[in-house]
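Reading through the structure tokens given below for one structure.
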Amino acid sequence: MSETVRFQFGKGEQVRFISHLDLMRCMERSFRRAGIMLSHTEGFNPHPKLSFGLPLPVGVISKACYMDAVIEDLLPMEELIQRLNKALPEGLKVFHAVIPEDKKAVMSLVSHARYLFVVKPLDCPIDVFTDEIKNILNQESVYIEKETKKKSKMINIKDMIQSYEVKQDGDNVVMEIMCDAGSVSNLNPMLIWKAIAMYTDYKSELPSVERLGLYKTENGKPVPVI
Amino acid sequence: MPVNLSNQILQGVEKPAAYTGGEYNSIVKNIEQVNIRFAFCFPDTYEIGMSHLGMKILYHVLNKREDIWCERVFAPKTDMEQIMREEGISLYALESKDPLSDFDFLGFTLQYEMCYTNVLNMLDLGNVPLLAKDRTKDHPFVLAGGSCTYNPEPMADFFDFFVLGEGEEVTLEIMDAYAVWKKQKDATRKDFLKMLTKIQGVYVPGFYDVEYNADGTIKEMTKEDFAPSVIQKRIITDFDKAVFPDNDIVPFIEPVHDRVALELFRGCIRGCRFCQAGFTYRPVREKKPDTLVKQALQLLDCTGHSEVALTSLSTSDYSSLGEFANKLTEETEKRKVNLSLPSLRVDSFSLDLMEKTQKVRKSGLTFAPEAGTQRLRDIINKNITEEDILNAVKIANAGGYTTIKLYFMLGLPGETMEDVEGIAHLINKITDVYRQSENKKLYNRLSITASTSFFVPKPFTPFQWVPQLSKEEYLNRQQHLDKLLRDNRKVRYNWHEGDLSTLEAVMARGDRRVGKVIYTAWENGCKFDSWDEHFKYDNWTEAFKTCGIDPLFYSMREREKGEVLPWDHIDIGVSRDFLWSEYECAKKGETTPDCRTFCSGCGATTFGGGVCYE
Ligand code: SF4
């Protein structure tokens, strides 16, 4: 009997620059290496039943990536995690595995994401830069041009941000942001940075971005996907 | 010291994962615990290099040794190169991120002539002097192997030494010699290179010099006393027992060939007269079916790939193909793994096999008649008749295939306009098979792609003495064919532009003087020459002019029987006399049987194994 298992895994520094497509191919192979047989679709070109939660932009690391895998011969969750971790390249690590109660695809559940930005200013003192970012985010609205395939439009990212915290940490500004994510409304973390970089005159390094959590909505409140 | 690659840099380039390493099965060692550091350099992009079987084998062979750490280096694409040059970042190896200058060896593989400028560009990006004579004891030794090294002369100035033939064994012998040399405090670079002249298969060009005649041909090759006058290639005689990588690297980004590659055998029994590999890989040596199945499964297990490809020069000639295919498909089916079968001859057996193994949509069938008439096919010793081809097409038609790819060459020795027209006739007959068959749907869906390339005469083939056709005449023939094919609405005709092939013809049969042209072309900004979007023909023309070298001397000149050829000091086992007699046969339109039907005494028996002793 095949069974759907939901995994939470992390994408670390070593694999920061692999794309979502590469990640999917890598996971599929890791299941094969781990000796965990996945169910395949029917038809001319059968492919394994493996689906992913919200894709990460290239260059972003994460503690909260999710995938649903339909497994042919179910094993205890602990063993699945152990086998998979042995077969994964460095930088990818599975933390949890559960048989989900709801049968909805993991992608369709996601409603919010929490990101951490760590960034170093290049031409101003750290406290000045911290205040600058606070001021930008404190504005009523923060408009930025969002380019889609055909057209570009102005959006107010403040509409999509639920909460944020900006503080100084040594030489860095650390900023944590909870925002819309998923198929209904999605705010790409790179766009948040693009907005800040546009509104400030100070220069900084490119921030290191990490996704800390991915959430679904239950009773109007965000709760972790698993 | 690793180079400093900031996120900022990587975020700014296309496919950054090509520059960060860390792939599954890639090997990281502690530099404190290794004695020899070897950088395997592939002079093209990551995606192409990671598909190369030779690299996988040597990576495995070297890393199995505890005292050696072998890493990988590829040519960065132009966006990355630009940033590296701006930021002063040296070219580095993917595993340690250490710059090239930290290594003991930089081992390049030369798979096609048009990668030569990339070699120079990579050395330059790695801050290693381009000319072997400028390197000191602080620099790595720079070596090359691969199929282009059978005529190493055009690249002789840039390499400290060449390794001829199959590298599995000889590379370790070189490493052992190095370990000995390294212990001697005051030993010079030359001392090490001198040691190498004792190893069969190693050619140190610096110990040789060339004298020329007034007409530009070679008078003779002189050498230092201790250097051998002939350097014989190395092969693995017992291929079944050859070392085999059991832990292939699994790239994150998609390489050109993303699969397990299984080498059924090395060499080819056929002896097509235009094909360099057909002679340089002699004699044919096979692996046993059981060995192959075992190795396939091992690789599938450790990589997680979902496809196995049988890669050999002509898979249908594997002597136990039936038995092997049955055993392998039994296993691949269980694992839902696809089997890909390139270079299969089309007959009922192979179609059966394809039906069985390829659960995917019926892909296309590929034929390579190479020439349009029987007369010309006899000249090139392509032992396939029109009847064979049409029978195969009938089988393809009965099997429901509707996509057909056809490969031909233009400019083959002895080719006339009639042969060019023969290509069109053959294609029309293939179309007729579909038109006349009962199933009209198949005819409606039929799509034929015909491609022609421009023949380049290669060293160590019976055609090593012939002139290449002029570019003008090549284009003339190609346009004629294009006109003839225009009436056939089922055909799409692709052709190669002539420029690249004329240049390839110079590199393939060039001598040491061509090295200056390569250097100058690189200075003029040439790199990635085999990429249409980067190829700068005018800069090459300019380089020839600057160096006072006439490219046509190399490409379009007929060589006399007695002329000293630039690669005469290299011995591939097949004798020059045999190649000449094959050339004579070609002129008379006589064919030569394959090695299994009849041994023609090419000379490859000297290696003491393979098909010659079956
Ligand atoms: S010696 Fe004979 S059998 Fe051996 S490779 Fe040459 S032609 Fe073939």
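Proteins come first, then strands; the chains are lettered A, B, ... in the order of their sequence lines, and each starts at number 1. Heavy atoms only: backbone and side chains are in, while hydrogens, waters and symmetry mates are out.
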Best-contacting candidate, B:Gly21, B:Pro251, B:Pro16, against chain A by heavy atom pairs under 4.5 angstrom: B:Pro16
Over 12 foreign heavy atoms within 6.0 Å of CD, A:Glu3: yes
Residue A:Lys103 excluded, over 12 heavy atoms near NZ under 6.0 Å: yes
Least distance between heavy atoms, A:Pro89 atom then B:Gly22 atom: CB-O, 4.2 Å
Test item: A:Glu28 and B:Ser306 side chains (from C-beta on) under 4.5 Å apart, heavy atoms: yes
Shortest non-hydrogen contact from A:Arg32 toward B:His305: CD-O, 3.8 Å
Chain B interface, residue from A:Val15, A:Leu92, A:Leu206, A:Asp22 that has the most non-hydrogen pairs under 4.5 Å: A:Asp22
Neighbour count above 12 (heavy atom, 6.0 Å) for B:Met1 CE: no
Residue A:Met24 versus chain B: region with a heavy atom under 4.5 Å: neither
Portion of A:Leu88 that has a non-hydrogen atom of chain B nearer than 4.5 angstrom: backbone
Atom CD of B:Glu533: over 12 foreign heavy atoms under 6.0 Å: yes
B:Lys405, NZ atom: more than 12 neighbouring heavy atoms under 6.0 Å: no
Sorted by number, residues from residues 81-91 of chain B in contact with chain A (heavy atoms, under 4.5 Å): none
Expected output: side-chain B:Gln11 to main-chain A:Val58 donor-acceptor under 3.5 Å: yes
Residue B:Asn444 excluded, over 12 heavy atoms near CG under 6.0 Å: yes
Greater than 12 external heavy atoms within 6.0 Å of A:Asp171's CG: no
Spacing of NZ belonging to B:Lys336 relative to CG belonging to A:Leu38, to within rounding of 0.5 Å: 9.5 Å
Over-ring placement of A:Arg33 relative to B:Tyr24, 6.0 Å and 45° cut-offs: yes
Interatomic spacing from CD in B:Glu23 to SG in A:Cys26 - rounded to 0.5 Å: 10.5 Å
Where B:Asn7 and A:Glu13 come nearest, the two heavy atoms and their spacing: OD1-OE2, 4.4 Å
Max heavy-atom pair count under 4.5 Å with chain A, selected residue of B:Ser6, B:Gly304, B:Ala17: B:Gly304
Of B:Leu10, B:Ile253, B:Leu5, B:Val13, the residue whose pairing with A:Phe17 passes side chain to side chain contact (heavy atoms under 4.5 Å, CB included): B:Leu10
A:Lys63, NZ: over 12 other non-hydrogen atoms inside 6.0 angstrom: no
Shortest non-hydrogen separation from A:Arg25 to B:Asp258 and the atoms involved: CD-OD2, 3.6 Å
